[in-house]
There are 2 protein chains.
Amino acid sequence: MKPSPNPPTGLRARKKAQVRRTIQEQALRLFLSKGYENTTVEEIAAAAGVSHMTFFRHFPTKEAVVETDDYDPMIIQLIERRPPDEDALTALHRALIQGLEAVYAGDKDALLVRTRLILTTPALRARVWENQYATERLFAEALAARQPEADALRIRVLSAAALAALNTALALWVDSQGAEDLPPLVDRAFRALRD
Amino acid sequence: MKPSPNPPTGLRARKKAQVRRTIQEQALRLFLSKGYENTTVEEIAAAAGVSHMTFFRHFPTKEAVVETDDYDPMIIQLIERRPPDEDALTALHRALIQGLEAVYAGDKDALLVRTRLILTTPALRARVWENQYATERLFAEALAARQPEADALRIRVLSAAALAALNTALALWVDSQGAEDLPPLVDRAFRALRD
DNA sequence: TAACAAATGTTAGTCAATAACACTTGGAGG
DNA sequence: CCTCCAAGTGTTATTGACTAACATTTGTTA
């Protein structure tokens, strides 16, 4: 049994990753040009030069092809590293801002395009919120690890509220076509939460 | 052109309402006994003695059959009637509690069963959140009507956070099997929000 | 009671998703 | 280098949500 701490790098694995990337690119291109609902999985697969079965072997659902890479582990780490005397809401605020800066710096335009697509497509919005339900619980766990004394209801409410603040900031960012900068919007959203 | 301020009461309308009710009852019964995913629309329709087309003429999707009657208008009214000098978050808190008491008093057990079904079924959870996206905006509008001076971002964040608090309370209520009372949980959730 | 319209049924589709089975090809050991 | 295994893919068939077109039943209303 191999330890396999890092992914395989053989030709086979490279091909697989390439197919996955191609599917994702073609899907995004088609969604943006003719809309999510008007694009069939069959079309995406054809555009990527594979069969629809290959599509579903790489992505469990049509929605999954739009999903962001999972930022949760990064944010969780950032939360756990906040100073233990820091208020729970502040810790969430700072951790989210730190994580966001990293993503935002490299990806800004792509992030805007994809976020707009998601927020304007009901099926994709629903998918995102479903993910956030899980994220909320991870946040709550991370907060509990920091402060084992804390009230369970309180940290769950604050986790949910923090994600709500982030979502609102994202919505306004998309509304402004990216004219406003995202991190300041998130700051304002958290300040609104604090009264 | 008739004003039609109240629904028609003829035999036809009564039959239609009856069919709708029967479909909803049979659907809920089947969902609870064999699970949402394991129940097909065809089965529900057969149990209600209609064809699957009639099902879809009464409910746009399979998920819609579980949806609560729309409480939004009531809550909106309650928000708008809060004293104008009251803080936005407090207004949301009081309005939600008032609306909740009304629903809770009459419906408690049915509410618990249906809420549990929804929270344990991913497809239904997603549907609820999609609705809450709309509800959030209605709340924000109602708050803006009360206080035209208020910051748009702030009232949207607070609306989203209020719904997050309500959701968390509902989740804990379901977790406790209804042993805890819901209104106090909502109160605690809002207090957590206020720091 | 005749005529209209609302409600439902029948039938035939589309599309997402899954399953079963066959095929191609990279990778590891001899 | 060759062989064999398994990962990756293709083909085909099926289920289930949902839609469209058209026919049929059944209140309503004049």
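Below, chains carry the letters A, B, ... as their sequence lines are ordered, and counting in each starts from 1. No hydrogens, no waters, no symmetry mates; every other heavy atom, side chains included, goes into these values.
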Checking A:Thr121 side chain against A:Ile118 main chain: does a donor-acceptor pair fall under 3.5 Å?
->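 Judged by distance alone, no pair lies under 3.5 Å.
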
Which residue lies toward the 5' end of DNA chain D, B:Gly10 or B:Phe55, if each is placed at its nearest nucleotide?
->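 With B:Gly10 and B:Phe55 compared, the 5'-side residue is B:Phe55.
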
Residue closer to the 5' end of DNA chain D, B:Arg14 versus B:Tyr36 (nearest nucleotide) =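 Going by which nucleotide is closer to the 5' end, it is B:Tyr36.
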
Over how many whole Å does the gap from [X] atom [atom1] to [N] atom [atom2] extend?
X	N	atom1	atom2	result
B:Lys62	D:dT15	NZ	C1'	12 Å
B:Glu42	C:dT8	CD	C1'	14 Å
A:Asn38	C:dT14	CG	C1'	13 Å
A:Gln18	C:dT25	CD	P	18 Å
B:His58	D:dA17	NE2	P	18 Å
B:Glu43	D:dA17	CD	P	9 Å
B:Phe59	D:dT19	CZ	P	15 Å
B:Glu37	C:dT18	CD	P	11 Å

Can a donor-acceptor pair under 3.5 Å be found between the side-chain atoms of B:His52 and the base atoms of D:dT19?
->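 Per atom types, the contact qualifies.
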
N/O donor-acceptor pair, side chain B:Arg57 with base C:dG9, under 3.5 angstrom |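 Between C:dG9 and B:Arg57, which were checked side chain against base, a qualifying N/O pair under 3.5 Å is present.
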
Closer than 4.0 Å, any side-chain N/O of A:Thr54 to the OP1 or OP2 of D:dG10?
->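 Result: yes.
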
Please determine if a side-chain N or O atom of B:Lys15 lies less than 4.0 Å away from the OP1 or OP2 oxygen of D:dG27.
->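 B:Lys15 to D:dG27 OP1/OP2: side-chain N or O found under 4.0 Å.
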
So, B:Tyr133 versus A:Asn167: side-chain donor-acceptor pair below 3.5 Å or not?
->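 Their side chains do not contain a donor-acceptor pair, so the 3.5 Å distance test is not met.
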
Could you verify whether a donor N or O on one side chain and an acceptor N or O on the other, from B:Arg29 and B:Gln26, lie under 3.5 Å apart?
->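 Distance-only check passes for B:Arg29 and B:Gln26.
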
Kindly assign one of parallel, tilted or perpendicular to the pair B:Phe55 and B:Phe59, based on the angle between their ring planes and the thresholds 30° and 60°.
->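 Geometry flag for B:Phe59 against B:Phe55: tilted rings.
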
Which listed nucleotide ([options]) is nearest to the side chain of [X]?
X	options	result
B:Arg12	D:dT28, C:dT18, D:dC18	D:dT28
A:Met53	D:dG27, C:dA19, C:dA16	C:dA19
A:Thr40	D:dG16, C:dA16, C:dA17	C:dA16
A:Lys16	C:dG9, D:dC18, D:dG8	D:dG8

Tell me the side-chain hydrogen bond (donor to acceptor under 3.5 Å, both in side chains) pairs involving residues 87-103 of chain B, sequence neighbours left out?
->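 Every pair satisfying side-chain hydrogen bond (donor to acceptor under 3.5 Å, both in side chains) with a residue in residues 87-103 of chain B: B:Asp87-B:Arg154, B:Thr90-B:Arg194, B:His93-B:Asp187.
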
With a 4.0 Å cut-off on heavy atoms, is A:Ser51 in touch with a base, just the backbone sugar-phosphate, or nothing at all?
->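 Contact class for A:Ser51: base.
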
